[in-house]
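In what follows, a structure is listed as structure tokens, so that the remarks can point back to it.
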Amino acid sequence: MAEEKGLTPRAEDFSAWYNEVVLRAELADYSPVRGSMVIRPYGYAVWENMQRALDAMFKETGHQNAYFPLFIPQSFISREAEHVEGFAKEMAIVTHSRLKASPEGGLIPDPESKLEEPLVVRPTSETIIYAMFAKWVQSYRDLPLLINQWANVVRWEMRTRLFLRTLEFLWQEGHTAHATEAEAEEEARRMHAVYRTFMDEWMAMPPVLGRKTESEKFPGAVRTYSLEALMQDNKALQAGTSHMLGQNFSRQFDLKFQTEAGGEEYAWNTSWGVSTRLIGGMVMTHGDDTGLVMPPKLAPYQVVVVPIYRKDEERSVVLEKADSVATALRASGVRLHVDTRENMTPGAKFYEWERKGVPLRIEIGPKDVANGQLVLVRRIEDGDGPRKQFVPEDEALATIPARLQAIQNTMLAAARRRREENSHRGIEDYGRFREIMEGVGGFVYAGWCGSPRCEEKVKEDTKATIRVLPFEEFRTPEPPKRCLVCGGEAREEAVWARAY
RNA sequence: CGGGGCGUGGCGCAGUCCGGUUAGCGCGCCUGCUUUGGGAGCAGGAGGUCCUCGGUUCGAAUCCGAGCGCCCCGACCA
């Protein structure tokens, strides 16, 4: 019974812990279809908070939302050579438009309804979006074209995990067209930076930024910029990507424009996306053995109020107080829930809301009403006194927004510290490297000669890959001289890790 | 696709080896009363194609055969 209530500790089996947290915090549930999941209201509320924040940032940077169709003609996918290569093996295809009764019983696709051209269910929308852009763009005056869409996509993955890799997932994909290479490059980097702001400030999940190697870049891109976060099991999570597509797609979809000088040129494209995978990242960045821990800025409920009472008279006094506290806090912009369930003891509610990761709990009992105080209990330790504090009501109401921000800051600092503590720098010995990858894991910063062969060897030996070629601010002050693998001259520093 | 595990009320499981009354336990659910400051108590109650199909048998959750599904590990994967 005690085992039923607790979670598998992270140290014992991280993967089991993760699944239990997601299911028991009611973020998501398995659906009847293998590899597909239902995002439950509590999990969807997190996604909505992510959407709200990101969408505002996209608008601030000049983008507009639009919606493109789920179905893409199969021929579109094959136009860009690398693109087909990258996605062909995981595509869902629609070939028929109706079913009919089978002679052997059951239903079969009606052969007469076979489509002229199969439709693929979008794994990403570059092809159809740039086909449409081609219709809309004639002149340099039509550029830049800055579009985002919120959508679902399907990738038929072999092995799936809740939020981290499912057959269908929700995401946003930005797609832009520019008149010059420099503008497109600037856009790809701008959105890369927007993601970084979001992950740092909203998710408290500080990623390492950099560029992907040739072998890891997006199929069809010239360059891929990535944000890699380190999870508590010391595996990397690719949390977002931004691609400089060059003219690869515009050439295939005839996305041309007339230049100011009167000539004709292909547009320069970018695309960038983050998905519901971020919810998995949030879980694996902040969760503990008690359950979920939500950064206040994403928490569906930042504060939950648990009223405590014995007698009816107490009940009405306490609930009245809970109500006025709720009204006051909502007025200062706090997302709050008053848990008035009658069939549950306060203790049971405490456990439930902790498992669900609510950052701050307010307990209100008869004693508190009498003393004009509120009991504040933080979800996490943050070095600022005990988790549980008795605070005069006025002071509590006035300081709760700041307390939430303090929790947010603490979580970011803790995540950053953990990332750095598990980043190994100055590793030159390949044996030592293998030891790290097969043992503690984490990010290893080391020299790379630039050869795909060395990359491949590491993957075979250790399952680790180059997550990013980090931007300057993340690099080791003293640049590595030798390639970790072959000992040849290091062309640049790489961040290696096992990844999700 | 390979390896492992598992399919029994909503959830978690026992029972299966060694066939035998009415399939059991915990949690959850419903009703009532008492409770409520860290996972409440008592009483009553509802809820089951034992994954499916076929076989053996007087008799199958249990034995045999085939199939299906899910989870985990690997291969695979922006």
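These numbers were taken from a predicted model, which means no experiment stands behind them.
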Residue A:Tyr309, side-chain atoms from C-beta onward, closest of B:rC77, B:rU36, B:rG37: B:rU36
Measure the CZ-OG1 distance between A:Arg403 and A:Thr410 for me, rounded to the nearest 0.5 Å. 12.5 Å
Go through B:rC77, B:rG39, B:rA75 for me and flag the one nearest to the A:Met158 side chain. B:rA75
Can you sort out the partners of A:Phe253 under ring pair (Phe, Tyr, Trp, His ring centres under 6.0 Å), two or more places apart, ordered by chain and number? A:Phe76
Ranges pairing with ranges for RNA chain B, where each run has three or more Watson-Crick or G-U pairs under 3.5 Å: B:1-7 with B:68-74, B:10-13 with B:24-27, B:29-34 with B:40-45, B:51-55 with B:63-67
According to the 5.5 Å centroid and 30° plane-angle thresholds, does A:Phe350 stack upon the nucleobase of B:rG38? no
Taking only the P atom of each, what is the distance from B:rG5 to B:rG10 in whole angstrom? 27 Å
Taking 4.0 Å as the cut-off, does a side-chain nitrogen or oxygen of A:Lys349 come that near to OP1 or OP2 on B:rG38? no
Over all strands shown, is A:Glu363 touching base, sugar-phosphate only, or nothing at heavy-atom distances under 4.0 angstrom? base
Does B:rA40 have its OP1 or OP2 closer than 4.0 Å to a side-chain nitrogen or oxygen of A:Thr345? yes
Tell me: CG of A:Asp13 to P of B:rG5, nearest whole Å? 17 Å
Begin with the C-alpha distance, continue with both residues' side-chain angles, and end with the deciding distance and a verdict on salt bridge (charged side-chain N to carboxylate O under 4.0 Å, His left out) for A:Arg189 and A:Glu186. CA-CA 5 Å; A:Arg189 286 176 172 259; A:Glu186 190 189 341; over 6 Å; no
In whole Å, measure the gap between the P atoms of B:rC18 and B:rU22 for me. 24 Å
It should be established whether A:Arg310 places a side-chain nitrogen or oxygen under 4.0 Å from OP1 or OP2 of nucleotide B:rU36. yes
Between B:rG39, B:rG38, B:rC71, spot the one nearest the side chain of A:Tyr30, thanks. B:rC71
Heavy-atom nearest nucleotide on RNA chain B taken for A:Ala348 and for A:Tyr500; more 5' hit belongs to A:Ala348
Please pick, from B:rA75, B:rG37, B:rG38, the nucleotide with the shortest atom-to-atom distance to any side-chain atom of A:Val375. B:rG37
Classify the nucleic acid contact of A:Lys367 as base, sugar-phosphate or nothing, counting any heavy atom under 4.0 Å across all strands shown. base
Here the pair of heavy atoms bringing A:Glu228 nearest to A:Ala236 is OE1-CB, 3.9 Å
So, does the side chain of A:Glu352 form a donor-acceptor pair with the base of B:rG39 at under 3.5 Å? no
Using the P atom on both, measure B:rA14 against B:rU31 and round to a whole Å. 32 Å
Checking A:Phe198, A:Phe58, A:Phe218, A:Trp171 against A:Trp272 for ring pair (Phe, Tyr, Trp, His ring centres under 6.0 Å), the one that qualifies is A:Phe58
Closest heavy-atom contact between A:Leu374 and A:Ala396? CD1-CB, 3.8 Å
Send over the distance from A:Phe163 CZ to B:rC77 C1', rounded to a whole Å. 20 Å
Using the P atom as the reference point in each nucleotide, state the distance between B:rU16 and B:rG24 in Å, no decimals. 15 Å
B/S/- contact track for nucleotides 28-34 of chain B, protein heavy atom under 4.0 Å: -------
If the P atom of B:rC72 is compared with that of B:rC53, how far apart are they to the nearest Å? 28 Å
Just by distance, with hydrogens left out, do A:His83 and A:Glu85 show a side-chain donor and acceptor under 3.5 Å apart? no
Classify the side-chain pair A:Arg161/A:Ser15 by whether it contains a donor and acceptor separated by less than 3.5 Å. yes
Taking atom P of B:rC77 as reference, at what distance in whole Å does atom CZ of A:Arg498 sit? 17 Å
So what does A:Arg355 hit on the nucleic acid, given a heavy-atom distance under 4.0 Å: a base, only sugar-phosphate, or nothing? base
Nearest whole Å is fine: how far is B:rC1 C1' from A:Glu157 CD? 16 Å
Between C1' on B:rG38 and CZ on A:Arg387, what's the gap in Å once rounded to a whole number? 10 Å
So what does A:Ser15 hit on the nucleic acid, given a heavy-atom distance under 4.0 Å: a base, only sugar-phosphate, or nothing? sugar-phosphate
Examine the side chains of A:Glu80 and A:Gln252 and answer whether a donor and an acceptor come within less than 3.5 Å of each other. no
5′-ward residue of the pair A:Ile308/A:Pro219 relative to RNA chain B: A:Ile308
Check the side chains of A:Arg122 and A:Thr124 for a donor-acceptor pair under 3.5 angstrom, ignoring hydrogens and angles. no
Taken to the nearest whole Å, CG/A:Leu376 to C1'/B:rG37 is 15 Å
Using 4.0 Å as the upper bound for N to carboxylate O, is an ion pair formed by A:Glu342 and A:Arg315? yes
Does a side-chain N or O of A:Asn19 approach OP1 or OP2 of B:rC71 to a distance below 4.0 Å, or not? no
With no hydrogens and no angle check, just 3.5 Å: does a side-chain donor-acceptor pair link A:Thr224 and A:Glu216? no
Mind checking A:Arg315 for me? I need base, sugar-phosphate or nothing, with any heavy atom below 4.0 Å counting as a touch. nothing
Give one of base, sugar-phosphate or nothing for A:Trp171, where a contact means two heavy atoms less than 4.0 Å apart. base
Using the C1' atoms only, state how far B:rU36 lies from B:rC42, rounded to an integer number of Å. 16 Å
A:Lys463 has a side chain; which of B:rA40, B:rC71, B:rG74 sits nearest to it? B:rG74
Whole angstrom is fine here: how far is it from CG in A:Asp339 over to C1' in B:rU36? 13 Å
Please measure how far the P atom in B:rG41 lies from the corresponding atom in B:rU49, and state the result in whole Å. 30 Å
P gap between B:rC50 and B:rU8, integer Å: 11 Å
Roughly, in whole Å, what's the span from CE in A:Met344 to C1' in B:rG39? 8 Å
A:Glu168 side chain to A:Ser36 side chain, donor-acceptor N/O pair below 3.5 angstrom: no
